[in-house]
Amino acid sequence: QVQLVESGGGLVQAGGSLRLSCAASIRTFSSYAMGWFRQAPGKERDFVAAITWSGGSTRYADSVKGRFTVSRDNAKKLVYLQMNSLKPEDTAVYYCAAGTYCSAYGCYNYWGQGTQVTVSS
């Protein structure tokens, strides 16, 4: 049974930082690319960042480039999203996902339950 559990969300002031974690219970975790998506109220779920199975390549949405960093620890089956210089428009529920290395929702087979990030102005 595949399970992804996000943590690390919370309330932060604009300009602050948060680090999200995603713990995966996938036997072959190191064979999956991992992605982060977010969904604000009333909006679609949007791509944020992705990382290949090895961690050798990453990609980001234009809106977070230079502020967010995705990384992974295959030995611990963890994926991280370091978020710096947060803005109120970053407020959303953040989801991690496991699947194929791409920025499209349909590339990912498994999803976590999400963690809320709220950035106050």
Side-chain angles (χ1 to χ4, degrees):
Q1 182 177 354
V2 174
Q3 189 174 21
L4 301 174
V5 180
E6 302 94 337
S7 61
L11 174 64
V12 64
Q13 288 188 330
S17 298
L18 282 175
R19 188 176 82 156
L20 305 183
S21 298
C22 174
S25 62
I26 303 176
R27 185 172 58 85
T28 56
F29 174 75
S30 61
S31 66
Y32 283 89
M34 298 296 294
W36 285 95
F37 287 72
R38 66 186 181 186
Q39 188 167 19
K43 295 188 177 181
E44 294 185 348
R45 191 170 297 189
D46 291 331
F47 171 76
V48 175
I51 187 167
T52 56
W53 67 271
S54 67
S57 293
T58 57
R59 61 174 64 178
Y60 299 92
D62 288 342
S63 58
V64 306
K65 279 181 182 176
R67 300 188 299 123
F68 290 12
T69 303
V70 59
S71 61
R72 67 190 294 164
D73 184 333
N74 284 343
K76 296 181 178 179
K77 297 186 179 182
L78 289 169
V79 182
Y80 304 101
L81 185 67
Q82 177 67 44
M83 306 185 296
N84 299 328
S85 302
L86 283 161
K87 306 175 181 180
E89 51 264 42
D90 294 318
T91 295
V93 177
Y94 283 71
Y95 299 89
C96 73
T100 304
Y101 181 62
C102 81
S103 58
Y105 178 93
C107 292
Y108 295 87
N109 308 100
Y110 305 106
W111 293 84
Q113 83 291 346
T115 186
Q116 176 70 47
V117 171
T118 303
V119 184
S120 62
S121 57

Which donor-acceptor pairs under 3.5 Å do side chains of residues 41-49 form with protein atoms, sequence neighbours excluded?
{"from": "Arg45", "atom 1": "NE", "to": "Gln39", "atom 2": "OE1", "distance (Å)": "3.3"}
{"from": "Arg45", "atom 1": "NH2", "to": "Gln39", "atom 2": "OE1", "distance (Å)": "3.4"}

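- In this structure, Met83 is a member of the same hydrophobic cluster as Val12, with clusters built from ILVMFWY side-chain heavy atoms closer than 4.5 Å.
- Residue pairs satisfying the disulfide (SG to SG under 2.5 Å) criterion with at least one member in residues 25-86, sequence neighbours excluded, are absent.
- Here Ser57 pairs with Thr52, Tyr101 under the side chain to side chain contact (heavy atoms under 4.5 Å, CB included) rule; sequence neighbours left out.
- Evaluation of the disulfide (SG to SG under 2.5 Å) test over residues 24-89, restricted to residues two or more places apart or in two chains, returns none.
- For Ser17, the side chain to side chain contact (heavy atoms under 4.5 Å, CB included) criterion is met by Gln82, Asn84, not counting sequence neighbours.
- Rounding to the nearest 0.5 Å gives a distance of 4.5 Å between CH2 of Trp36 and CG of Leu20.
- Under the 4.5 Å side-chain heavy-atom criterion for Ile, Leu, Val, Met, Phe, Trp and Tyr, Tyr94 and Val5 are members of distinct hydrophobic clusters.
- In this structure, the separation between CG on Leu4 and CD on Gln113 is 9.0 Å, given to the nearest 0.5 Å.
- Using a 4.5 Å heavy-atom threshold, the side chains of Leu86 and Phe68 count as touching.
- Heavy atoms only, all atoms of each residue included: Thr69 and Tyr60 are closest at CA-OH, 3.4 Å.
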Quick one: side chains of residues 114-121, donor-acceptor pairs under 3.5 Å with protein atoms, not counting sequence neighbours, listed by atom name and distance.
{"from": "Thr115", "atom 1": "OG1", "to": "Gly9", "atom 2": "N", "distance (Å)": "3.3"}
{"from": "Gln116", "atom 1": "NE2", "to": "Ala92", "atom 2": "O", "distance (Å)": "3.4"}
{"from": "Gln116", "atom 1": "NE2", "to": "Thr118", "atom 2": "OG1", "distance (Å)": "3.3"}

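- Ile51 and Leu78 are members of different hydrophobic clusters when ILVMFWY side chains are connected at heavy-atom separations under 4.5 Å.
- Legend: salt bridge (Lys or Arg N to Asp or Glu O under 4.0 Å) pairs involving residues 48-63, not counting sequence neighbours, sorted by first then second residue: Asp62-Lys65.
- Residue pairs satisfying the disulfide (SG to SG under 2.5 Å) criterion with at least one member in residues 9-94, sequence neighbours excluded, are listed as follows: Cys22-Cys96.
- Leu18 CG to Leu81 CG: the interatomic distance, rounded to the nearest 0.5 Å, is 9.5 Å.
- Residue pairs meeting the salt bridge (Lys or Arg N to Asp or Glu O under 4.0 Å) criterion with at least one partner in residues 67-95, sequence neighbours excluded, are Arg38-Asp90, Arg67-Asp90.
- In this structure, the side chains of Tyr105 and Tyr95 stay at 4.5 Å or more apart for every pair of heavy atoms.
- With sequence neighbours excluded, the residues that form a side chain to side chain contact (heavy atoms under 4.5 Å, CB included) with Ser71 are Tyr80.
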Residues 23-34 side chain polar contacts: donor-acceptor under 3.5 Å, at least two apart:
{"from": "Ser25", "atom 1": "OG", "to": "Gln3", "atom 2": "N", "distance (Å)": "2.9"}
{"from": "Ser25", "atom 1": "OG", "to": "Gln3", "atom 2": "O", "distance (Å)": "3.2"}
{"from": "Ser31", "atom 1": "OG", "to": "Thr28", "atom 2": "O", "distance (Å)": "2.6"}

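- Residues passing the ring pair (Phe, Tyr, Trp, His ring centres under 6.0 Å) test with Trp53, sequence neighbours excluded: none.
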